[in-house]
Undergrad: 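I'd like to ask some things about the structure below.
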Amino acid sequence: NKLVDNTKDESIIRPGMQYNLDSMKKERERINAAMKELGLYYFTPEDIIFMVDTTAGDHQADIYVQIKMRVPPQTTTIYTLNNIYVYANHALFQDSSIYRMDTAIVDGYIYIGNLYTYRPEIIVKSIYLEKDSAYTFSDYDITLNRLMRLDAYKFVNIKFKALDTLKKTGKLDTYIY
């Protein structure tokens, strides 16, 4: 709950406001976005609960925001990015045994694709996600938008896979298609 408390200053709900379900929903979304920016990859708005105390009197209520008590441990784990795999010129339903794929390390990214069709250094310069940095939704979104502008991709898909969920390492491998 300390992470949620640290976002209080940006809260949509203010003292003196009328109790409003729509405002509560927007507050959940705001907190969720803030948690994603802190690296909580598995956090969702449903992990947040509001406790409303109406005993204050005079038509007033005290509202307390908390993370649910029984959330899976990965919900409150801060995730960092591990290996980032970049598949250039990836096509759905493509038989990878027919096409020869080159693999190269380009500025720390694992580039998989034809090294001569698309220049790997141009593609990786469009990626805002970085190895060993915390996962943030904004970095994901910037990367998605930048790659969509390149001719190398008709569609861009970015997937994250947690490493060794039993040990709770807090690491995600990233796959860009």
Undergrad: Salt bridge between Glu29 and Lys26, side-chain N to carboxylate O under 4.0 Å?
TA: no

Undergrad: Backbone N or O of Ser133 within a donor-acceptor pair of the Thr80 side chain at under 3.5 Å?
TA: no

Undergrad: Can you tell me how far apart NZ (Lys25) and CG (Asn20) are? Round to the nearest 0.5 Å.
TA: 10.0 Å

Undergrad: Quick check against the 3.5 Å criterion: does Asp173 have a side-chain atom that pairs as donor or acceptor with the backbone of Asn83?
TA: yes

Undergrad: Provide the closest heavy-atom pair for Lys36 versus Leu40 in the form atom of the first, atom of the second, distance.
TA: CD-O, 3.6 Å

Undergrad: Quick one: does any side-chain atom of Glu37 pair with a main-chain N or O of Ser138 as donor and acceptor, under 3.5 Å?
TA: yes

Undergrad: Can the ring centroids of Tyr135 and Tyr79 be said to lie less than 6.0 angstrom from one another?
TA: no

Undergrad: Should we say atom CZ of Phe50 is surrounded by more than 12 heavy atoms from elsewhere, each under 6.0 Å from it?
TA: yes

Undergrad: Going by the angle between their ring planes, with limits at 30° and 60°, are Phe137 and Tyr140 parallel, tilted or perpendicular?
TA: tilted

Undergrad: Got more than 12 heavy atoms from elsewhere within 6.0 Å of NZ, Lys161?
TA: no

Undergrad: Show your reasoning for whether salt bridge (Lys or Arg N to Asp or Glu O under 4.0 Å) applies to Asp132 and Lys171.
TA: CA-CA 8 Å; Asp132 297 324; Lys171 296 273 188 187; 3.6 Å; yes

Undergrad: Look only at the side chain of Asp53 and the backbone of Thr55, and say whether a donor-acceptor pair between them is shorter than 3.5 Å.
TA: yes

Undergrad: For Tyr85, is the OH atom crowded, meaning more than 12 foreign heavy atoms sit under 6.0 Å from it?
TA: yes

Undergrad: More than 12 non-hydrogen atoms from neighbouring residues, nucleotides or ligands closer than 6.0 Å to CE on Met51, yes or no?
TA: no

Undergrad: Working note: Leu172 + Tyr41, criterion side chain to side chain contact (heavy atoms under 4.5 Å, CB included); need CA distance, chi angles, decisive distance, verdict.
TA: CA-CA 9 Å; Leu172 295 170; Tyr41 176 72; 3.8 Å; yes

Undergrad: Verify side chain to side chain contact (heavy atoms under 4.5 Å, CB included) between Leu150 and Tyr118, making sure each step is shown before the conclusion.
TA: CA-CA 10 Å; Leu150 299 178; Tyr118 300 102; over 6 Å; no

Undergrad: To check you understand the geometry: which heavy-atom pair defines the closest contact between Thr7 and Ala34, and what is its length?
TA: CG2-CB, 3.8 Å

Undergrad: Under 3.5 Å, side chain of Arg146 to main-chain N/O of Ile127, donor-acceptor pair present?
TA: no

Undergrad: I'd like to know whether Tyr111 forms a side chain to side chain contact (heavy atoms under 4.5 Å, CB included) with Ile105, so could you lay out the CA-CA distance, the side-chain angles of the two residues, the decisive distance to 0.1 Å, and finally the verdict.
TA: CA-CA 6 Å; Tyr111 180 89; Ile105 306 294; over 6 Å; no

Undergrad: For the pair Thr174 (side chain) and Phe160 (backbone), establish whether a donor and an acceptor sit closer than 3.5 Å, ignoring hydrogens and angles.
TA: no

Undergrad: Work out which heavy atom in Glu10 is nearest to a heavy atom in Arg30; give both atom names and the distance.
TA: O-CD, 3.1 Å

Undergrad: Go through the steps to decide whether Tyr175 and Ile84 satisfy the test side chain to side chain contact (heavy atoms under 4.5 Å, CB included), and finish with yes or no.
TA: CA-CA 6 Å; Tyr175 301 87; Ile84 301 173; over 6 Å; no

Undergrad: Compare every heavy atom of Met35 with every heavy atom of Leu3, then report the nearest pair and how far apart it is.
TA: O-CE, 3.5 Å

Undergrad: If you round to the nearest 0.5 Å, how far is OG of Ser11 from CD1 of Ile63?
TA: 8.5 Å

Undergrad: Side chains of Thr136 and Asp139: donor-acceptor distance under 3.5 Å anywhere?
TA: yes

